Amino acid sequence: MSGVWAVLVAAGRGERLGGERPKAFVELAGRSLLAEALERLDGCPWVDGIVVAAPPGWEEPAILVAEELGAGKVSACVTGGTRSRAESVRICVAEVPDGADTIMVHDAARPLVTDAVVERLLAALREGWDGAVPGLPIPDTIKRVRDRAVVETLDRSGLVAVQTPQAFRAVVLREALAAIGDDATDDAAIVERHGGRVCVVEGDPGLLKVTTAVDLEAVERLLAG
Ligand code: C5P
């Protein structure tokens, strides 16, 4: 077994979105965020296998989503972590076959993943990087604030906003996950802390992260074209 495996984490509760169901099962334009992301990853020509993390109790519905899509690359649908996203990533990575050379971690909360972004990430790994992340320039000025008081205004010229999917040499991601705790919100940060070399490739403004109802409407508008 070799190739590129995608880990799709969908186990968050999504409290900021409100509603009855976990965020990945919230519908946009008649289908769930999970279905949209899964269909795109399954259809991506460079992805060989997929592991999905579902919230506890939502494993069966997640399997049903994969079956309804005919997403034949899904090899496992596991119960994600209840403590953190990184825990869900760790559980999924343990399900990826040992022979996989690349692991790409993606959030169901960013449904509009494209082949073009995946291609840029994989090209960076072929150049010899341990990891690659999509990044976009930051239009807003960023300030560090403590107790409402501004303590620093950052020079935004050197800053990027980072998205998922994030791709890694499998061996490097596995080593970093084994060595480092579950507190990081960003997979690349785990690899960086473990000494991995991570590069930024061009992100995609359409790869919006759904956090609030306003984000959901924005993604729906993008889908409607
Ligand atoms: O909460 P947030 O929106 O930052 O979560 C990002 C992604 O991580 C979502 O796709 C969510 O389903 C996933 N997640 C997870 N397990 C957790 C927390 C979040 O799979 N415990």
Side-chain angles (χ1 to χ4, degrees), residues 4-55 58-74 77 80 85 88-89 92 104-122 132-140 160-167 185-187 200-225:
V4 178
W5 278 64
V7 156
L8 182 59
V9 288
R13 285 189 299 272
E15 275 155 2
R16 285 162 293 184
L17 197 54
E20 308 266 287
R21 4 174 110 203
K23 178 159 66 180
F25 292 87
V26 167
E27 300 221 330
L28 88 158
R31 69 203 311 213
S32 62
L33 297 183
L34 173 62
E36 187 68 38
L38 194 54
E39 183 172 55
R40 287 164 178 254
L41 286 177
D42 194 76
C44 177
W46 302 288
V47 171
D48 297 303
I50 304 172
V51 177
V52 179
W58 288 80
E59 303 84 350
E60 284 298 320
I63 291 167
L64 208 61
V65 167
E67 282 175 2
E68 279 172 6
L69 291 171
K73 294 179 185 172
V74 176
C77 182
R85 177 187 178 282
S88 296
V89 171
C92 286
M104 201 167 61
V105 184
H106 186 51
D107 291 336
R110 292 187 194 268
L112 304 186
V113 55
T114 62
D115 290 352
V117 164
V118 174
E119 191 176 17
R120 291 198 281 274
L121 295 168
L122 298 181
V133 301
L136 290 174
I138 298 177
D140 300 320
V160 289
V162 164
Q163 305 173 310
T164 72
Q166 302 189 351
T185 54
D186 177 67
D187 310 298
V200 176
V201 304
E202 186 191 344
D204 181 343
L207 203 40
L208 293 179
K209 181 173 179 191
V210 174
T211 305
T212 65
V214 172
D215 305 325
L216 198 61
E217 284 164 21
V219 171
E220 272 179 334
R221 276 197 300 277
L222 283 173
L223 268 178

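As the structure is a prediction and not an experimental result, all values here were calculated from the model.
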Is it the case that the side chain of [X] and the backbone of [Y] share a donor-acceptor pair, with hydrogens and angles ignored and the cut-off at 3.5 Å?
X    : Y    : answer
R120 : E202 : yes
Q166 : V105 : no
K209 : A109 : no
D48  : V4   : yes
Q163 : D204 : yes

When rounded to the nearest 0.5 angstrom, what distance separates [atom1] in [X] from [atom2] in [Y]?
X    : Y    : atom1 : atom2 : value
D215 : L33  : CG    : CG    : 10.5 Å
L207 : L136 : CG    : CG    : 8.0 Å
D107 : S88  : CG    : OG    : 10.0 Å
L8   : I50  : CG    : CD1   : 7.5 Å
L41  : E36  : CG    : CD    : 10.5 Å
E59  : I63  : CD    : CD1   : 7.5 Å

Which heavy atom of [X] sits nearest a heavy atom of [Y], and at what distance?
X    : Y    : answer
V117 : P134 : CG1-CG, 4.0 Å
V201 : A132 : CG1-CB, 4.4 Å
A161 : I138 : N-CG1, 3.6 Å
V47  : A6   : CG1-CB, 4.1 Å
A167 : L121 : CB-CB, 3.9 Å
P111 : V219 : CG-CG1, 3.8 Å

Any pair counted as ring-ring contact (aromatic ring centres under 6.0 Å, His included), so long as it reaches residues 17-45, sequence neighbours left out: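 Output for this query lists F25-W58.
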Do the side chains of L69 and D42 get nearer than 4.5 Å, heavy atoms only? no
Counting C-beta onward and ignoring hydrogens, is there a side-chain heavy-atom pair between T164 and V9 closer than 4.5 Å? no
Step by step, would you call R40 with L112 a side-chain contact (heavy atoms from CB on, under 4.5 Å)? CA-CA 8 Å; R40 287 164 178 254; L112 304 186; 3.5 Å; yes
According to the side chain to side chain donor-acceptor pair (under 3.5 Å) rule, which pairs have a member within residues 17-30, sequence neighbours left out? none
Checking side chain to side chain contact (heavy atoms under 4.5 Å, CB included) between L216 and each of L208, L28, T211, which is the one that passes? L28
